[in-house]
Amino acid sequence: MVRSIEDVEREHLLGIVSYSMVTPNTYHAKTISGEELLIKIKRRPTINNLFKDFGIAGFYYYLSTPLKREAIINDELTKSEFLNFDFPRMLHTDYCSYIVFEYIKNCNCNLLDIAVEKVVKSLIEFQSISINKKTKLYKTASSVLRSISVSTVKGIVVIGPKKLGVVTTISAIREVAKMLKLQKKLKQGWLLHKDFERNANYLVTDDRKIYFIDFEMTAIEKRWIMTDIVDLAWDVENMSIDHDLITEYLKEIDEIYDKSIELLTQARLILLRKAVYFIRGTKYSQEMNKQIINFIKDVLLDARSFELWYYSGLEKN
Ligand SMILES: Nc1ncnc2c1ncn2[C@@H]1O[C@H](COP(=O)(O)OP(=O)(O)O)[C@@H](O)[C@H]1O
Ligand SMILES: [Mg+2]
């Protein structure tokens, strides 16, 4: 079982001479030949400390294969050529706990300098990868438990009672059910990245090439197909949304998609999912988390308030 950079080195003799941590799971490594690598490791507990540290959840975690999805999706992407985006090539993996990637140099995580049309084109090109039901990709990416609505409810149940209060938790679950009714399932499933944020999980190089990264959550979705674009458009720190991005996206998918998308319902559920996700995480300060909780209570859980909030942003532009 691979648990550290040293284990990866032993397995592949990459000649790593130094490395530094990028995030708790990812490392930037340099090899003796001057090559730069990005190594992602998701540790699984050993049998010994399994129950001690994690209890039943630990057992589930032990059985899971955290990076399998990311590796398989990367494999599938390698089979095609894309005009509008790229992705870091995978050099080694065990389809489970580690991936060694090429390192993308001179990049940032900011789409603001990229033309809206280009962002949308890249995203749609990624999302419309054809998914044959017989492929590994289909088996890997189709899963009810990961659907947007189920994962939103899961998130609400986990944080709700403590952070939102019981009454709000119940009304949040009710709202999700209502929104599910409003947005009918679409005919065709789309591959969604599902883990974008305004400043996460893509890279933009100095020469403005877009790389998509971090496919751990990528899945086929038949209902909430605006997830990625809404996630990218939401600026949680300023509580605003980039309407240009969303308008351009709707314009582009208009020709290829059926017309039954409920814009406000899509945006509201997708923001609720992300808001819950942010509160669960450690990314934001307590102050910011409080603000997000208020946004859930005052805006997201009421269709009318949400509509006002959404269009007020449009007027300001
Ligand atoms: N191939 C790469 N080249 C350069 N930087 C990368 C590469 N892959 C990831 N990163 C950097 O590492 C960070 C974490 O990688 P990511 O795959 O998103 O892992 P996590 O699951 O921890 O979010 C990214 O936000 C990005 O800054
Ligand atoms: Mg990430």
Side-chain angles (χ1 to χ4, degrees), residues 2-5 8 12 14 16 18-31 33-44 61 64-78 82 85-114 119 122-123 126 140-141 146 151 155 191-219 227-232 234-237 273-274 276-284:
V2 162
R3 298 172 58 78
S4 67
I5 293 276
V8 177
H12 298 288
L14 300 163
I16 293 169
S18 67
Y19 64 85
S20 58
M21 197 164 98
V22 182
T23 67
N25 302 313
T26 52
Y27 303 85
H28 177 196
K30 290 187 180 148
T31 71
S33 58
E35 200 183 3
E36 293 184 45
L37 307 167
L38 192 291
I39 304 178
K40 191 162 177 176
I41 301 174
K42 286 258 155 126
R43 292 179 190 80
R44 300 196 301 173
Y61 189 40
S64 73
T65 47
L67 291 177
K68 183 174 167 195
R69 176 180 300 241
E70 175 150 7
I72 288 178
I73 289 181
N74 205 291
D75 267 347
E76 290 293 322
L77 291 176
T78 309
F82 302 101
F85 76 93
D86 207 337
F87 55 96
R89 305 295 149 153
M90 196 168 73
L91 307 173
H92 305 281
T93 184
D94 62 350
Y95 292 92
C96 175
S97 57
Y98 72 89
I99 304 177
V100 181
F101 287 108
E102 66 168 322
Y103 186 80
I104 310 302
K105 286 181 211 167
N106 305 326
C107 53
N108 61 48
C109 201
N110 184 354
L111 284 177
L112 292 178
D113 292 339
I114 309 279
V119 175
S122 326
L123 188 59
F126 173 81
T140 310
R146 282 177 186 259
S151 64
L191 193 69
L192 295 184
H193 181 286
K194 292 184 38 183
D195 201 15
F196 283 132
E197 279 165 39
R198 195 174 173 80
N199 291 304
N201 293 336
Y202 59 83
L203 304 168
V204 178
T205 60
D206 285 354
D207 50 2
R208 302 195 172 189
K209 229 165 113 177
I210 299 177
Y211 283 80
F212 291 138
I213 61 169
D214 199 354
F215 306 122
E216 279 173 70
M217 309 259 279
T218 300
T227 300
D228 289 344
I229 198 71
V230 171
D231 282 348
L232 286 173
W234 192 28
D235 180 350
V236 59
E237 278 160 62
R273 165 184 181 263
K274 207 65 172 185
V276 169
Y277 174 86
F278 284 145
I279 299 168
R280 282 177 78 174
T282 51
K283 184 166 173 173
Y284 293 112

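Counting convention: from 1, in listed order, for ligands and their atoms alike.
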Using a 4.0 Å cut-off to any heavy atom of [X], which atoms of ligand 1 qualify?
X	value
Y103	3 (N), 4 (C), 5 (N)
P88	1 (N)
E216	21 (O)
N25	22 (O)
T26	12 (O), 14 (C), 15 (O), 19 (O)

Measure from the side-chain N and O atoms of [X] to the backbone N and O of [Y], and report whether any donor-acceptor pair falls under 3.5 Å.
X	Y	value
R69	T140	yes
K274	F196	yes
D228	K194	yes
H193	T227	no
N201	D214	no

| task | Flag the pair F215 / F126 as yes when their ring centroid distance falls below 6.0 Å, and as no otherwise. | result | yes
| Contact with ligand 1 for E102, non-hydrogen, under 4.0 angstrom | yes
| message | Using a 4.0 Å heavy-atom cut-off, which part of H28 comes near ligand 1: side chain, backbone, both, or neither? | response | neither
| said: Could you check whether E237 pairs with R198 (Lys NZ or Arg NE/NH1/NH2 to Asp/Glu carboxylate O, under 4.0 Å)? | reply: no
| query | Going by an N to O cut-off under 4.0 Å, is there a salt bridge joining E70 and K42? | reply | no
| note | If you compare I41, I99, L38, N199 by their heavy atoms, the one closest to atom 6 (C) of ligand 1 turns out to be L38
| said: For atom 12 (O) of ligand 1, which of the options D214, V22, T23, I213 provides the nearest non-hydrogen atom? | reply: V22
| note | Answer key: the N, O or S atom of D214 nearest to the Mg ion (ligand 2) is OD2
| field | Shortest protein contact, atom 3 (N) of ligand 1 (heavy atom only) | value | I104 N, 2.8 Å
| request: Specify the protein heavy atom at minimum distance from atom 19 (O) of ligand 1: its residue, its atom name, and the distance to 0.1 Å. | output: K40 NZ, 3.3 Å
| task | Answer yes or no for R280 and F278: cation-pi contact, defined as NZ/CZ to six-membered ring centre under 6.0 Å and angle to ring axis within 45°. | result | no
| said: Is N201 close enough to the Mg ion (ligand 2) that one of its N, O or S atoms comes in under 2.8 Å? | reply: yes
| message | Between E216 and the Mg ion (ligand 2), is there a contact where an N/O/S atom of the residue lies under 2.8 Å from the metal? | response | no
